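In what follows, a structure is listed as structure tokens, so that the remarks can point back to it.
All values below come from the heavy atoms of this structure, side chains included, with hydrogens, waters and symmetry mates left out. All of these numbers come straight from a predicted model, not from anything done at the bench.
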Amino acid sequence: MSRNNTIGIAGRVTSQPALIVDAADWARKVYEVELTRTRPSDTEDTFILQYDGRAAGSKEILERIKEGAEIFCGGEIRSENVHDPKPEENRVKVFIFAEMIAVNDPPVEDQNEVTICGNICKPPSGRETKRRTPRGRRVTVTRLVVAANTPTGAYYIPCVCWNEQAEKAADLKVGDYVEIYGRFQSRNFKKHIQGRKLPYLGTSYEVSVVELKTKSKEERAGAK
């Protein structure tokens, strides 16, 4: 894989762009929107998408990226620590940073493809769920965090593996190198906050792993 961290995804902008980095040059202004897409299972995912004017390529395209627009973008998944987060906020913000955005009009084929290459940076967490496979086996799930080094920095990407991939992932150790292909998704969860009677509904973001490969240092050296 030529890059350690890539995503190509299509979706619908579901918020007005918010200017988060101002600059005199329109091409260097950075914006943030919500990007929503529907899985084949009809589950709806909503992501955080950031982009600058250079990603759009022109002022005309930039102005067309607004609430309701269907877009396709390519870039990478990034993470950043949230300074002094509120009780209801996640300590780590995981989002898409677009290097290219095209207004998807007319819509082209749907897409949600992610590749992540990097090292396991915390022990895998695995468990059986209450769900069962068509053959009656318990569905197993293993969660990973992969550190992907890119020219713009090191990003820590949450990943989730299911069944056979989950069993393979459960044997991984901190420092092991992996190559992952999958889809980006969001997941809602309930977070209980002290002083509040009702739990807060939070959202986490993760790569759902379709294919997981491991390589030793010797294998990686031989591939160069």
Side-chain angles (χ1 to χ4, degrees), residues 1 3 5-15 32-51 55 64-79 90 94-117 124-146 148 155 157-170 178-190 201-213:
M1 297 180 182
R3 291 187 56 177
N5 181 348
T6 67
I7 182 170
I9 192 167
R12 184 178 72 259
V13 177
T14 49
S15 70
E32 183 173 288
V33 296
E34 286 186 352
L35 180 69
T36 299
R37 55 172 287 111
T38 303
R39 303 181 203 173
S41 64
D42 288 334
T43 300
E44 194 171 79
D45 292 306
T46 298
F47 308 112
I48 302 166
L49 171 66
Q50 292 185 5
Y51 58 94
R64 293 178 63 189
I65 302 170
K66 56 186 178 181
E67 188 171 5
E70 298 283 344
I71 65 169
F72 169 79
C73 60
E76 61 187 15
I77 300 174
R78 295 185 178 182
S79 65
N90 294 332
V94 180
F95 59 97
I96 302 166
F97 188 86
E99 299 167 357
M100 177 280 296
I101 296 181
V103 176
N104 200 4
D105 183 19
V108 297
E109 185 177 352
D110 191 21
Q111 187 174 351
N112 182 0
E113 298 181 359
V114 177
T115 56
I116 299 293
C117 305
S125 172
R127 65 180 178 87
E128 287 188 342
T129 71
K130 295 181 180 179
R131 295 163 51 193
R132 292 184 180 273
T133 68
R135 296 184 178 182
R137 294 182 59 186
R138 290 278 190 182
V139 173
T140 56
V141 58
T142 300
R143 299 190 184 279
L144 307 170
V145 179
V146 179
Y155 301 113
I157 315 300
C159 302
V160 58
C161 307
W162 302 93
N163 297 326
E164 292 182 5
Q165 303 290 356
E167 293 173 8
K168 185 177 181 179
V178 295
E179 294 182 352
I180 284 172
Y181 169 78
R183 300 179 296 269
F184 201 35
Q185 65 183 30
S186 63
R187 176 172 56 89
N188 294 330
F189 65 92
K190 291 181 179 180
L201 184 62
T203 304
S204 62
Y205 308 92
E206 59 200 4
V207 175
S208 180
V209 177
V210 175
E211 183 179 2
L212 170 67
K213 295 181 180 180

F47: ring-ring contact (aromatic ring centres under 6.0 Å, His included) partners, not counting sequence neighbours: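 Expected list: F184.
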Side chain to side chain, [X] and [Y], heavy atoms closer than 4.5 Å:
{"X": "R39", "Y": "N112", "result": "no"}
{"X": "V209", "Y": "L144", "result": "no"}
{"X": "T36", "Y": "E44", "result": "yes"}
{"X": "V33", "Y": "Y51", "result": "yes"}
{"X": "T43", "Y": "Q185", "result": "no"}
{"X": "T203", "Y": "T46", "result": "no"}

Which atom of [X] lies closest to which atom of [Y], heavy atoms considered:
{"X": "S15", "Y": "E34", "result": "OG-N, 2.9 Å"}
{"X": "V207", "Y": "I157", "result": "CG2-CG2, 3.8 Å"}
{"X": "A55", "Y": "A98", "result": "CB-O, 3.6 Å"}
{"X": "C161", "Y": "A169", "result": "SG-CB, 3.8 Å"}
{"X": "C159", "Y": "I180", "result": "SG-CD1, 3.9 Å"}
{"X": "P158", "Y": "Y205", "result": "CG-O, 3.5 Å"}

As an exercise, state the distance from [atom1] of [X] to [atom2] of [Y], rounded to the nearest 0.5 Å.
{"X": "N163", "Y": "K168", "atom1": "CG", "atom2": "NZ", "result": "14.5 Å"}
{"X": "T115", "Y": "I77", "atom1": "OG1", "atom2": "CD1", "result": "9.0 Å"}
{"X": "L212", "Y": "I116", "atom1": "CG", "atom2": "CD1", "result": "12.5 Å"}
{"X": "T14", "Y": "R37", "atom1": "OG1", "atom2": "CZ", "result": "12.5 Å"}
{"X": "R64", "Y": "I101", "atom1": "CZ", "atom2": "CD1", "result": "12.5 Å"}
{"X": "F97", "Y": "E32", "atom1": "CZ", "atom2": "CD", "result": "11.0 Å"}

V210 backbone acceptor or donor facing R183 side chain under 3.5 Å: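 No; judged by distance alone, with no hydrogens or angles, the pair does not exist.
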Backbone N/O of G11 and side chain of N104: donor-acceptor pair under 3.5 Å: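 Pair absent, no side-chain N/O of N104 close to backbone of G11.
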E167 and T140: CA distance, side-chain angles, deciding distance, side-chain contact (heavy atoms from CB on, under 4.5 Å) verdict: CA-CA 8 Å; E167 293 173 8; T140 56; 4.3 Å; yes
Partner set under salt bridge (Lys or Arg N to Asp or Glu O under 4.0 Å) for R143, not counting sequence neighbours: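 For R143 the salt bridge (Lys or Arg N to Asp or Glu O under 4.0 Å) partners, ignoring immediate neighbours, are E206.
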With sequence neighbours excluded, residues passing salt bridge (Lys or Arg N to Asp or Glu O under 4.0 Å) with E164: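 Partners of E164 by the salt bridge (Lys or Arg N to Asp or Glu O under 4.0 Å) criterion come out as none, since no residue qualifies.
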Side chain to side chain contact (heavy atoms under 4.5 Å, CB included) partner of I9, the single match among V114, I71, L49, I96: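 With I9 as partner, V114, I71, L49, I96 yield a single side chain to side chain contact (heavy atoms under 4.5 Å, CB included), made by I96.
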